[in-house]
Amino acid sequence: MTRRRLLLAGAAGSAAALVPAEWAVARSLAPPGPATAPAAVPLLAAGAVPKYVTPLAVPQVMPPVATGAGGDEYTIGLRQIRQQVLPASLPATAVWAFGSAAHPGTFRWPAPTVEARVDRPVRITWRNQLVDADGRHLPHLLPVDPTLHWANPAGGTEGRDSRSAARATPQGYAGPVPIVVHLHGGHNREEFDGYPDAWYLPDARDIPAGYARIGTSYQEFEARFTERAGGARWSPGAARFEYGNDQRATALWYHDHCLGLTRLSIYAGAAGFYLLRGGDADLPPGVLPGSVPDPDDPAGARPHEIPLLIQDRSFRADGHLHYPYAGPEGAGGSRDGTSAGGHPMVFGDTMVVNGATWPVLPVQRRRYRFRLLNGCNSRFLLVSIAAHPTARPARPVLPFWQVGSDGGFLPAPVEQGRLPLTIGSRVDVVVDFSDLPVGTELYLVNEGPDGPAGHSGQEPPVADPRTTGQILKFVVVERTGPDRSVPPEQVTLPAPPRLGPADRVRRLSLQHAGTAGHSGPLLGVVDERGRGVPLPWDAPVTEVVGLGTTEVWELHNFTGETHPIHLHQVQFEVVGRGRSHNQPPGPAERGLHDTVAVFPGSVTRIKARFDLPGRYAWHCHILEHEDDEMMRPYVVVPAGAPQTGGGGTAGHTSPPAPPGP
């Protein structure tokens, strides 16, 4: 069973109307293009960026364009803006930002938070508005390598979603940019999941002749929407997604997921939180610190629940984002910068929280709830709260009380001094500042690696205490009213559901391809002799799953580094780890997840129930790996249809992965 490809008669599109000038960024404000960017402007040394002078920005709430008995409606665009990411003494930065198309002042990196309710539908029209004030397309903020397997609009209808020849674009691609939005962690039908080749270009007035304006799956998914919506269609440069929110209350996030461009678009700023509340799996208001100020707080007070999007970035001296690039393969140099074992990874030298470098957060003498998200491209984080920003090893002085993970609340609160944050995952914690004197200064520090993450005996370099080892500063101020939240160690959490016995076990591989055409890591299957079989993105689908079945996926990591593996559409249990894959998960992993760290030379077992039919993706969430084809489709078919893929019966036990890469 292969990936379905649609042969379209021609590129869809229409002439664009002029775009309002109050939000569009003129071409003169765009950074240098790929042809001049690499050496035109020197890099900004991270040590030259002042720390803890910018107040932390708390993302505002995304305003809907309509509400009613049937749910909430949003129109959200992606635009290019200038934002003061660095301190005010340094230049502003051109970034990509989501915001409400009806509210120009809402565009920011990270985007406003979509506040949703369990079982209340949300409908979002996602608009690609990467155009200038005259309605002409803007190039990508960062250099695009067209020799990857990517969206490739210049290939036309027949050549889209493929590689370009390096000689055709020796300085990279500078044409109109495609997007498609994925709600990470969402339980959604396939046409609303943000499948990588369901992308679309902006409805710009100057799309070159012969360019594909939509990706391979766009028209198919639009037809599914049209059938259910009584004839309504998606407009050019947009897609209308419906989220049923029929899952547990939790923190999700939305970001661009375009084939071969995800690493660049998220690096440019295309991300935001989506907080799902209510239902039987949530707590009553007031038990945990709240998302709005208490009635006793003064006007302008901050909420006591704060989302924190943590990312690493590098900058040039003119304030523009820097993403390493040496040109396409065959056009001089290695692809996409830092190489680890022959494949690209990117580690910025400056830490950014909620769109600002090294911000400072005043906290009252009370409890706070933090919704932590590791939004880095390649960096795993190990965070703690310390009294000194550079002393290593750091000595945690306040614990995190972890109450939730990707899929909602844990069975019970877990006290942690050091908190690991896997790339793409969310962690829900409570921190109690009640007993600290006014004026106390504390630091959120990072002791994760400044390079690829290993495990079990590997010692990667620890984050530089002067730069990437620091994230955020807390300054304690007096409380303005009573703290009515419950101490986290006394909270009784709603128990996560258990999935029951598995119908099938699959054996899947993470490994380096080791071929002349692809030297980086790929996903694949494990054969009957316990050997990994690597497969590229467009190989025939091997994971064909029966609708309504529960499966265990054994993830055999044959590489020498840790990979964060993300499954679309499902929340899963972690059921075992280690060489024998029988090591039980720790207390902080006993909830539900959509992303899991898979350690080298071992097996990680996850269990999920697949209850929506359609075509989805699973992939490494190191974004450079994902874009270099460490991503595979899987298909959920109706009950009784033939299923395929590696593995065996529910009682099957496979041999452990061999040590080392």
TODO: May I ask you to check whether Trp199 and Asn128 show a side-chain donor-acceptor distance below 3.5 Å?
DONE: no

Task: Interatomic spacing from CG in Leu381 to CG in Leu372 - rounded to 0.5 Å - done: 9.5 Å

Task: Flag, side chain of Asn374 to backbone of Cys376, donor-acceptor distance under 3.5 Å - done: yes

Open item on the list: Set out, in order, the CA-CA distance, both residues' side-chain angles and the distance that settles salt bridge (Lys or Arg N to Asp or Glu O under 4.0 Å) for Asp594 and Arg426, then state yes or no.
Closed with: CA-CA 10 Å; Asp594 52 60; Arg426 287 83 62 214; 2.7 Å; yes

Open item on the list: With a 4.5 Å cut-off on side-chain heavy atoms, are Pro613 and Val637 touching?
Closed with: no

Open item on the list: Between Gln511 and Thr559, is there a side-chain donor-acceptor contact under 3.5 Å, judged purely by atom types and distance?
Closed with: no

Task: Arg609 backbone acceptor or donor facing Thr550 side chain under 3.5 Å - done: no

Open item on the list: So which atom in Ser405 and which in Leu410 form the shortest heavy-atom distance, rounded to 0.1 Å?
Closed with: OG-CD2, 3.8 Å

- [ ] Search all heavy atoms of Leu523 against all heavy atoms of His619 and return the closest pair with its distance.
- [x] CD1-CA, 3.9 Å

TODO: Report the residues that fulfil ring pair (Phe, Tyr, Trp, His ring centres under 6.0 Å) with Phe192, sequence neighbours left out, ordered by chain and then residue number.
DONE: Phe241

- [ ] Establish, yes or no, whether a centroid distance under 6.0 Å links the rings of Trp234 and Tyr218.
- [x] yes

- [ ] Determine, for Arg605 against Glu554, whether the closest basic-nitrogen to carboxylate-oxygen distance falls under 4.0 angstrom.
- [x] yes

Task: ring pair (Phe, Tyr, Trp, His ring centres under 6.0 Å) involving Tyr74 - partner list, sequence neighbours excluded - done: none

TODO: State the CG-NE2 distance between Leu623 and His255, to the nearest 0.5 angstrom.
DONE: 7.5 Å

Task: Side chain proximity check, Val429 to Leu419, heavy atoms < 4.5 angstrom - done: yes

TODO: Identify, with sequence neighbours excluded, every residue that meets ring pair (Phe, Tyr, Trp, His ring centres under 6.0 Å) alongside Tyr254.
DONE: Phe98, Trp126

Open item on the list: Strictly distance-based, threshold 3.5 Å: is any side-chain N or O of Ser378 a donor or acceptor partner for the main-chain N or O of Val346?
Closed with: yes

TODO: Flag the pair Glu551 / Lys607 as yes when at least one side-chain heavy-atom distance between them is below 4.5 Å, and no otherwise.
DONE: no

Open item on the list: Using side-chain heavy atoms (C-beta onward) and a distance below 4.5 Å, is His184 in contact with Leu252?
Closed with: no

- [ ] Using the side-chain contact (heavy atoms from CB on, under 4.5 Å) rule, pick out the option among Val596, Thr422, Leu510 that qualifies with His563.
- [x] Leu510

Task: Evaluation steps, side-chain hydrogen bond (donor to acceptor under 3.5 Å, both in side chains), between Thr147 and Arg163 - done: CA-CA 5 Å; Thr147 66; Arg163 301 175 187 270; 5.7 Å; no

- [ ] Evaluate the side-chain proximity of Arg123 to Arg240: yes if any heavy-atom separation is below 4.5 Å, no if none is.
- [x] yes

TODO: Using a 4.5 Å cut-off on heavy atoms from C-beta on, say whether the side chain of Ser509 contacts that of Phe558.
DONE: yes

TODO: Output yes when a side-chain donor or acceptor of Thr262 lies under 3.5 Å from a complementary backbone atom of Cys258, and no otherwise.
DONE: yes

Open item on the list: Over 60° means perpendicular and under 30° means parallel, so tell me whether His621 and His566 are parallel, tilted or perpendicular.
Closed with: perpendicular

TODO: Using only heavy-atom distances, determine whether the side chains of His568 and His187 contain a donor-acceptor pair under 3.5 Å.
DONE: no

TODO: May I have the step-by-step check of salt bridge (Lys or Arg N to Asp or Glu O under 4.0 Å) for Glu242 and Arg228, ending in yes or no?
DONE: CA-CA 11 Å; Glu242 297 184 359; Arg228 291 190 173 101; over 6 Å; no

Task: Where at least one partner belongs to residues 493-502, residue pairs that pass salt bridge (charged side-chain N to carboxylate O under 4.0 Å, His left out), sequence neighbours excluded - done: Arg498-Glu573

Task: Distance-minimising heavy-atom pair for Thr562 and Pro600 - done: OG1-CD, 3.5 Å

Task: Any Tyr195 side-chain heavy atom under 4.5 Å of Val180 side chain - done: no

Distance-only donor-acceptor pairs under 3.5 Å for side chains of residues 264-280, two or more places apart:
unit_1	atom_1	unit_2	atom_2	d
Ser265	OG	His140	NE2	3.3
Ser265	OG	Asp256	OD2	3.3
Ser265	OG	Leu261	O	3.4
Tyr267	OH	Ser314	N	3.0
Tyr267	OH	His322	O	2.7
Tyr274	OH	Asn245	OD1	2.8
Tyr274	OH	Asn245	ND2	3.3
Arg277	NE	Glu115	OE1	2.7
Arg277	NH1	Glu305	OE1	3.2
Arg277	NH1	Glu305	OE2	3.4
Arg277	NH2	Glu115	OE2	3.1
Arg277	NH2	Glu305	OE1	3.3
Arg277	NH2	Glu305	OE2	3.1

Open item on the list: To the closest 0.5 Å, what do you measure between CG (Asp628) and CE (Met345)?
Closed with: 12.0 Å

Open item on the list: Just to verify, what does Trp553 make a ring pair (Phe, Tyr, Trp, His ring centres under 6.0 Å) with, not counting sequence neighbours?
Closed with: Phe610, Trp618, Tyr634

TODO: For Arg127 and Ser235, test the side chains for any donor-to-acceptor distance below 3.5 angstrom and give the result as yes or no.
DONE: yes

Open item on the list: With rounding to the nearest 0.5 angstrom, report the CG to CG distance, Leu259 to Asp197.
Closed with: 6.5 Å

TODO: Would you name the heavy atoms of Met631 and Trp537 that are closest together and state the gap between them?
DONE: O-CE3, 3.3 Å

Task: From Val114, Thr125, Val181, residue fulfilling side-chain contact (heavy atoms from CB on, under 4.5 Å) relative to Ile76 - done: Val114

Task: Donor-acceptor under 3.5 Å (Glu561 side chain, Pro452 main chain) - done: no

Task: Minimum heavy-atom distance between Leu547 and Ala639, given as atom pair plus value - done: CB-N, 4.0 Å

Open item on the list: Between Asn557 and Val598 (side chain of the first, backbone of the second, donor and acceptor by atom type, cut-off under 3.5 Å), is there such a pair?
Closed with: yes

Open item on the list: Between Asp193 and Gln569, is there a side-chain donor-acceptor contact under 3.5 Å, judged purely by atom types and distance?
Closed with: no

TODO: May I ask you to say whether Glu191 pairs ionically with Arg615, meaning some side-chain N is under 4.0 Å from a carboxylate O?
DONE: no

TODO: Spell out, as yes or no, whether a donor-acceptor pair under 3.5 Å connects the side chain of Thr595 to the backbone of Ile565.
DONE: no

Task: Shortest non-hydrogen separation from Arg248 to Ala281 and the atoms involved - done: NE-CB, 3.5 Å

Open item on the list: Check whether Arg632 reaches the backbone of Glu629 with its side chain - one donor and one acceptor, N or O, closer than 3.5 Å.
Closed with: no

- [ ] Kindly say whether Ile214 contributes a backbone atom to a donor-acceptor pair with the side chain of Arg160 at under 3.5 angstrom?
- [x] yes

- [ ] With Ser162 as reference, evaluate Thr216, Asp538, Asn152 under the side-chain hydrogen bond (donor to acceptor under 3.5 Å, both in side chains) test and give the passing residue.
- [x] Asn152

Open item on the list: With rounding to the nearest 0.5 angstrom, report the CD to CZ distance, Glu220 to Phe225.
Closed with: 15.5 Å

Task: Expected output: side-chain Thr226 to main-chain Ala232 donor-acceptor under 3.5 Å - done: yes

TODO: Find out whether Thr250 and Asp406 are in side-chain contact, i.e. whether some heavy atom of one side chain is under 4.5 Å from a heavy atom of the other.
DONE: no

